[in-house]
Amino acid sequence: MQIPGHIDPVTTGTVPLRGGNRIDLIGLTRDAIGGVLVEAGLDAKAAKLRAKQIWHWMYHRGVTDFEAMTDIAKAMRPWLTDRFIIGRPTVREAQVSSDGTRKWLLAAADGQEYEMVFIPDADRGTLCVSSQVGCTLNCRFCHTGTMRLVRNLAAGEIVGQVMLARDELGEWPKGTMAGFGPDPEDDEDDEGGNYTADGRILTNIVMMGMGEPLYNFDEVKGALKIVMDGDGLALSRRRITLSTSGVVPMMARAGEEIGVNLAVSLHAVSKEIRDEIVPLNRKYGIDELLKACADYPGAGNSRRITFEYVMLKDKNDSDDDARELVRLIREYGLHAKVNLIPFNPWPGAMYECSSPERVRAFSNLIFKAGISAPVRTPRGRDIMAACGQLKSAATKPSRAELDRIAEEKQAALG
């Protein structure tokens with residue numbers, strides 16, 4: 001869809017099929033799966049049944065081999081294998097931090113690379129998912145923002161990250177489907193019946209990886225609809241958070257059409273500083289952004305908006321900045337919390353992290369005003385997996401080149 005205003009030209013849905021002449025079913029809706037089955041020669045009634053079965057095996061069981069789909073007739077399985085695949089991203093590199101954080105460098109079918117991160121905690125496991133190869137924006141504290149945008153990720157590539165993470169974590173249900181209604185056309189005796197439900201390790205998803213999700217709205221929406229589908233991955237919308245740097249025209253649609261939690265990369269409370277560190281602010285200013293937050297569908301006491309605020313030494317971390325943040329939240333009547341993020345350094349970064357004492361003082365001022373302001377514990381710094389550190393490219397551009405990239409992006413955004 002066209003987003004109001006002049007933005008970076010991006011492409012999506014044009015990547016080569018991973019299976020050559022076979023169609024990759026990951027990322028397709030049930031109706032779309034039924035449609036490609038009809039195109040391949042099945043009648044509409046049979047296609048609807050097979051689509052339902054395939055959907056269950058793909059998204060509830062994590063199966064990638066049609067031969068393992070034991071409630072589909074034996075004779076049908078080779079026919080499916082010849083025409084379709086159930087793909088996954090290619091893992092180029094996998095790293096594990098000393099704190100248990102895991103990062104994967106992934107490759108798409110066209111060779112483009114992107115990253116995802118899994119962060120384990122005692123009571124949850126959070127997957128940080130990418131939406132673009134590179135990024136449309138040029139937030140100056142963010143490593144990903146130093147990359148040129150290559151293209152959007154398609155819905156299947158976004159869902160594929162979740163599927164691969166569940167593969168790697170070993171959390172798919174185990175056992176057979178005996179007693180769960182085998183195909184009446186099949187004479188296979190599916191012995192065992194030792195099916196067990198999955199134990200969730202991956203409990204939360206944040207669209208906070210590489211890219212600006214709202215500049216890839218349709219594909220992100222399609223992917224998250226699959227993730228939230230009750231007959232498949234079945235992750236509650238309350239456990240999914242979409243982060244934006246402030247693409248104001250798309251925020252209401254995100255609330256209405258996707259309905260997940262919203263996180264806003266605020267990072268500054270004055271025009272001068274936010275223009276510098278989040279240059280999208282020159283297009284959609286703080287007042288316009290906060291008004292969109294106030295109007296976000298479903299926002300309220302039980303569903304607060306999260307403001308992400310990276311702590312940069314002598315840039316946005318003063319007591320006056322904290323007081324102004326409180327004032328703005330109150331002025332717009334926002335039900336919000338503030339996540340304070342100690343800046344995570346990366347090679348060539350032009351900022352330093354605020355001292356722990358300064359971060360605590362900033363947090364205390366906000367807490368005293370009755371607004372939650374927890375300090376996020378940095379995770380995965382030793383493998384460049386922390387917030388703002390993701391970047392798949394191995395190149396190390398000069399400061400002049402980084403400035404040129406930033407200027408090009410800003411000119412494209414208008």
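The distance from the CG atom of N316 to the CG atom of D321 is 6.0 Å, given to the nearest 0.5 Å. For the atom pair I23 CD1 and R83 CZ, the distance stands at 10.5 Å (nearest 0.5 Å). For the atom pair NZ of K103 and CE of M116, the computed distance is 12.5 Å after rounding to the nearest 0.5 Å. Once rounded to the nearest 0.5 Å, the distance linking CD of E93 with CD of E113 reads 9.5 Å. Rounded to the nearest 0.5 angstrom, L328 CG and F307 CZ are separated by 8.5 Å. Here CD1 of I277 is found 8.5 Å from CG of L266. Values are rounded to the nearest 0.5 Å.
Every residue two or more places apart in sequence or in another chain that forms a side chain to side chain contact (heavy atoms under 4.5 Å, CB included) with D167 is listed here: R88, L164, W172. With sequence neighbours left out, I226 forms a side chain to side chain contact (heavy atoms under 4.5 Å, CB included) with W55, Y59, V159. Remark: K52 engages no residue in a salt bridge (Lys or Arg N to Asp or Glu O under 4.0 Å) (not counting sequence neighbours).
A donor-acceptor pair shorter than 3.5 Å cannot be found between the side chains of S131 and E212.
A side-chain donor-acceptor contact under 3.5 Å links S363 to the backbone of A373. A donor-acceptor pair under 3.5 Å is formed between the side chain of E171 and the backbone N or O of L202. In this structure, R376 contributes its side chain and I341 its backbone to no donor-acceptor pair below 3.5 Å.
Among all heavy-atom pairs drawn from W57 and T70, the shortest one is CZ2-N, 3.4 Å. Nearest heavy-atom pair across I33 and L28 is CG1-CB, 3.8 Å.
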ask   = For D287 and Y332, what are the C-alpha separation, side-chain angles and deciding distance, and is it a side-chain hydrogen bond (donor to acceptor under 3.5 Å, both in side chains)?
value = CA-CA 9 Å; D287 290 335; Y332 285 90; 3.0 Å; yes
request  = Please step through side chain to side chain contact (heavy atoms under 4.5 Å, CB included) for the pair M251 and L289, ending with a clear verdict.
outcome  = CA-CA 9 Å; M251 288 170 61; L289 173 59; 3.7 Å; yes
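For residues 220-237, the set of pairs meeting the side chain to side chain donor-acceptor pair (under 3.5 Å) definition, not counting sequence neighbours, comprises R30-D229, R30-D231, K221-E257. Within the structure, salt bridge (charged side-chain N to carboxylate O under 4.0 Å, His left out) pairs that include any residue of residues 31-41 do not occur (at least two apart or interchain).
The aromatic rings of Y309 and H267 lie tilted to each other, with the angle between the two planes from 30° to 60°.
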Residues 40-49 side chain polar contacts: donor-acceptor under 3.5 Å, at least two apart:
from	atom 1	to	atom 2	distance (Å)
D43	OD1	K45	N	3.1
D43	OD1	A46	N	2.8

